[in-house]
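In this text the structure is predicted, and so the values were computed from the model without any measurement.
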Amino acid sequence: VDEEIVLDYGASWSQAWEAHVEKYKLDRESSYTSAPEYIKAIGGENVELRTEKEQRIQPYPSTVEMFCFYKAHEKHSEKNHVEYSSWDDDESHTCFRPCKILERYQAKGNTAGTPEYTIQLVPGDNTRVIESCLIHRTYVVSNMPHNAIKLVDRPYTTDVFQRRSFRHELGVPEGLYPDSWMKKKLRGKQSTQINSDE
């Protein structure tokens, strides 16, 4: 309890890291905004989410996109290859996939204090979900609660993928490995050589 493990990556790594920390505060790309940072900046998770129409005027950052929780069963009425359904048709929505908000409204009987939404899901996003969540037609889902829609980071836009993210080989200080480990490794090579000679 209350013990700490300190790893020494070597002087070269430490110097490179300290230089990176000092420079990164100044160099961070101005266009980059992570989803958690953006959500905090606009007032938190309960702020109304924008429809596709609203986003034409006030778009979300290019590094942020919208995902919805919804489990499609493909059993509702079809209209021109579009499946219309309601969030309330099922009690278990475990699929998490890209979505678009078509409409936002205050539903009757909603006591949560947050709006509900009509959203759209398209098969073109199937490459980004697990097999059990694939859909084969466009879905329009009504009465989706606010907490079922999330703003998330777009792929390859987080800090680790930034051009100026820290990358440096890890050093191993002299004497880090016990002599017994090194000797055992050498003995193993010798043993293999002896066996091969036989």
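- At a threshold of 4.5 Å between side-chain heavy atoms, the hydrophobic network of Ile, Leu, Val, Met, Phe, Trp and Tyr places Val21 and Leu170 in one connected group.
- Between the side chains of Ser85 and Tyr70, at least one donor-acceptor pair of N or O atoms lies under 3.5 Å.
- In this structure, Phe69 has its ring center at least 6.0 angstrom away from the ring center of His93.
- Interatomic distance, Phe96 CZ to Ile130 CD1, rounded to the nearest 0.5 Å: 12.0 Å.
- Here the side chains of Ile149 and Ile101 are in contact, with some heavy-atom distance below 4.5 Å.
- Clustering ILVMFWY residues whenever any of their side-chain heavy atoms sit less than 4.5 angstrom apart, transitively, puts Tyr117 in the very cluster that holds Ile39.
- For Lys100, the NZ atom is loosely surrounded, since the number of other residues' heavy atoms within 6.0 Å does not exceed 12.
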| said: Could you walk me through whether Tyr105 and Thr118 satisfy the side-chain hydrogen bond (donor to acceptor under 3.5 Å, both in side chains) test, starting with their C-alpha distance in whole Å, then the side-chain angles of each, then the deciding distance to 0.1 Å, before giving a yes or no? | reply: CA-CA 9 Å; Tyr105 43 86; Thr118 296; 3.0 Å; yes

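- Ring pair Tyr60/Tyr38 is perpendicular by interplanar angle, where above 60° counts as perpendicular and below 30° as parallel.
- Shortest non-hydrogen contact noted between Lys150 and Glu45 is NZ-OE1, 4.3 Å.
- Taking CD of Glu116 as the start and CD of Gln106 as the end, the distance is 8.0 Å to the nearest 0.5 Å.
- Using cut-offs of 30° and 60° on the angle between ring planes, the pair Trp13 and Tyr9 is perpendicular.
- Once rounded to the nearest 0.5 Å, the distance linking CD of Gln55 with CG of Leu49 reads 9.0 Å.
- The pair Glu54-Arg104 counts as a salt bridge, with a side-chain nitrogen and a carboxylate oxygen less than 4.0 angstrom apart.
- The two atoms that bring Pro98 and Val129 nearest to each other are CD-CG1, 4.4 Å, heavy atoms only.
- Exactly one residue among Leu121, Val122, Ile119, Val82 makes a side chain to side chain contact (heavy atoms under 4.5 Å, CB included) with Tyr139. That residue is Leu121.
- Taking CD1 of Ile135 as the start and SG of Cys95 as the end, the distance is 9.5 Å to the nearest 0.5 Å.
- Heavy-atom minimum distance, Arg50 versus Pro59: NH1-O, 3.4 Å.
- A distance of 5.5 Å separates CG of Asp153 from OG of Ser34, quoted to the nearest 0.5 Å.
- A cation-pi arrangement is absent between Arg97 and Phe67, since the terminal nitrogen or guanidinium carbon is not both under 6.0 Å from the aromatic centre and inside a 45° cone about the axis.
- Among residues two or more places apart in sequence or in another chain, the side-chain hydrogen bond (donor to acceptor under 3.5 Å, both in side chains) test is passed with Glu65 by Arg128, Arg154.
- Contact of the Met66 side chain with the Leu151 side chain is registered, since non-hydrogen atoms from C-beta on lie closer than 4.5 Å.
- Distance CD/Gln120 to OG1/Thr138: 5.5 Å, rounded to 0.5 Å.
- Closest approach of Ser132 to Lys71, counting heavy atoms only: O-NZ, 2.7 Å.
- Here the side chains of Thr114 and Asn147 are not in contact, with every heavy-atom distance at 4.5 Å or above.
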